[in-house]
Amino acid sequence: MSVISVQSVKMVTAIVLLSVFLVSGAVAVCPEESGLFITAPKEMKALSGSCLQIPCNFRVKQGEKFSSARTTFGVWIKSSRNFAKTPNYVIFNSSRMDNIYPMSLTGDLSQKNCTTLFSSVNTSYTDKYFFRIENRPFKATAICDPLQITVKDSPPRPSIEISGDLKEKQSVTITCSAFTPCPHSPPELTWTLQQDPHNKIEENTDRTFTTKIQTTVTLSDEHDGFNITCSARYPVNEGKDVKTAEERTTLSVSCKIIKYLLLDPVST
């Protein structure tokens, strides 16, 4: 057998072994027997004292008997995916009136919408969460789709973006954006560019939200060295308090320099 043939065999063997490893790893993480899957962000960040909206939709494994005509309950489990063996980890069950965590299902489960609202969070809520559906006789936990929630005491700084060339007489669009974990209680953005900026909330592709303010400026030499400060004020503790984060940037405008050619007078 030639050297090239031996190398080809080794390469094919390595690819096969790698494929087996990846498949077995995927199965270990996401067993085929899972009967429920959710579409939601893999990770979400929240601010202590504020609310958190979890965008969520679910689907059942093909062949499972879910019926929108039957009463459906939604369950959230913290830390563990095992509903039966860890009942103390069940922090919300829509079939109950008394739940451990302040949560409510705002989505329509009959339409496979499991969007959930955390009305108030604190740093102890930082953990991994699993969603479960009970639509008897169908019952299943989305063990393949855990949601990591991280709650912090301080909000992240907003971001300032400038689109366009920073040149004199050019128009640029300046945008300040702040993460918005709960559109029901968004941050208020203000900056040094104008007194009363219009705040608008935009939905992202993953169905989370961002609050933005935006303006267009025609640059002049007076803007060179101008400091922009954008502040995000988050209402917390049901609006009794606020938490603030700031971001700053400085404009550096390229000014056009006009050179004059000075001619000495010609003597006669």
Side-chain angles (χ1 to χ4, degrees), residues 39-57 115 117-118 121 123 126 147-261:
T39 300
K42 298 297 182 184
E43 298 181 4
M44 296 194 75
K45 295 180 180 180
L47 177 63
S48 179
S50 185
C51 49
L52 172 66
Q53 179 170 288
I54 304 170
C56 177
N57 288 91
T115 298
L117 179 65
F118 248 121
V121 297
T123 54
T126 296
L147 166 62
Q148 176 64 47
I149 295 177
T150 302
V151 184
K152 295 188 176 181
D153 279 325
S154 300
R157 292 183 299 177
S159 63
I160 299 175
E161 296 182 0
I162 303 173
S163 62
D165 294 331
L166 293 177
K167 296 180 179 179
E168 188 180 5
K169 296 185 179 181
Q170 293 293 318
S171 293
V172 295
T173 299
I174 305 174
T175 306
C176 179
S177 307
F179 102 116
T180 306
C182 184
H184 302 283
S185 185
E188 179 187 7
L189 294 177
T190 57
W191 59 6
T192 52
L193 285 174
Q194 56 190 46
Q195 290 298 103
D196 299 309
H198 173 64
N199 283 235
K200 60 180 180 179
I201 302 175
E202 295 184 357
E203 186 172 359
N204 304 315
T205 55
D206 62 354
R207 295 173 57 204
T208 59
F209 292 85
T210 299
T211 301
K212 294 182 177 181
I213 52 176
Q214 190 175 76
T215 191
T216 300
V217 176
T218 300
L219 299 174
S220 68
D221 58 347
E222 295 179 354
H223 289 103
D224 187 40
F226 183 82
N227 293 317
I228 301 175
T229 301
C230 182
S231 301
R233 290 166 53 89
Y234 288 85
V236 294
N237 302 326
E238 299 180 348
K240 298 175 183 176
D241 303 296
V242 294
K243 292 183 178 181
T244 304
E246 287 188 349
E247 181 60 272
R248 298 179 182 179
T249 191
T250 302
L251 292 178
S252 179
V253 180
S254 298
C255 300
K256 295 180 180 179
I257 301 176
I258 302 177
K259 295 182 179 180
Y260 294 93
L261 179 62

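In this structure, the separation between CG on Asp241 and OG on Ser50 is 12.0 Å, given to the nearest 0.5 Å. Here the SG atom belonging to Cys230 is positioned 8.5 Å from the CD atom belonging to Glu246, to the nearest 0.5 angstrom. Rounded to the nearest 0.5 Å, atoms CG (Leu193) and OG1 (Thr216) are 11.0 Å apart. The CG atom of Asp206 lies 12.0 Å from the NZ atom of Lys42; values are rounded to the nearest 0.5 Å. The CD1 atom of Ile228 sits 5.0 Å away from the CD1 atom of Ile162 when rounded to the nearest 0.5 Å.
Of all heavy-atom pairs between Met44 and Thr208, the closest is CE-CG2, 4.0 Å. Considering all non-hydrogen atoms of both residues, Leu147 and Pro41 come closest at CD1-O, 3.0 Å. The two residues Lys243 and Leu47 have their closest heavy-atom pair at CD-CD1, 4.0 Å. The heavy-atom pair separating Ser220 from Val253 by the smallest distance is O-CG1, 4.0 Å.
A side-chain donor from one of Asn204 and Thr210 sits under 3.5 Å from a side-chain acceptor of the other.
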Considering only distance and modelled atom types, tabulate donor-acceptor pairs under 3.5 Å from the side chains of residues 171-189, sequence neighbours left out.
from	atom 1	to	atom 2	distance (Å)
Ser171	OG	Thr218	OG1	3.1
Thr175	OG1	Gln214	NE2	2.8
Thr180	OG1	Ala178	O	3.1
Thr180	OG1	Thr211	N	3.0
Thr180	OG1	Thr211	OG1	2.7
His184	NE2	Gln53	OE1	3.0

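Lys240 pairs by the salt bridge (charged side-chain N to carboxylate O under 4.0 Å, His left out) definition with nothing, not counting sequence neighbours. Residues passing the side chain to side chain donor-acceptor pair (under 3.5 Å) test with Asp224: none are found, sequence neighbours excluded. Applying the side-chain contact (heavy atoms from CB on, under 4.5 Å) test to Glu203 and every residue at least two apart in sequence or in another chain returns Arg207, Phe209. Every residue two or more places apart in sequence or in another chain that forms a salt bridge (charged side-chain N to carboxylate O under 4.0 Å, His left out) with Glu202 is listed here: Lys200, Lys212. The salt bridge (charged side-chain N to carboxylate O under 4.0 Å, His left out) check on Arg233 picks up nothing, with sequence neighbours excluded.
Residues Gln148 and Thr126 meet the side-chain proximity criterion, which asks for heavy atoms closer than 4.5 Å. Residues Thr192 and Phe226 meet the side-chain proximity criterion, which asks for heavy atoms closer than 4.5 Å. Looking at Trp191 and Thr215, their side chains come closer than 4.5 Å, going by heavy atoms from C-beta outward. At least one side-chain heavy atom of Ile149 sits under 4.5 Å from a side-chain heavy atom of Ile54. Between His223 and Leu166, every side-chain heavy-atom pair lies at or beyond the 4.5 Å cut-off.
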Side chain to side chain contact (heavy atoms under 4.5 Å, CB included) evaluation trace for Arg248 with Asn227: CA-CA 7 Å; Arg248 298 179 182 179; Asn227 293 317; over 6 Å; no
Verdict with supporting geometry, Glu43 and Thr150, side chain to side chain contact (heavy atoms under 4.5 Å, CB included): CA-CA 8 Å; Glu43 298 181 4; Thr150 302; over 6 Å; no
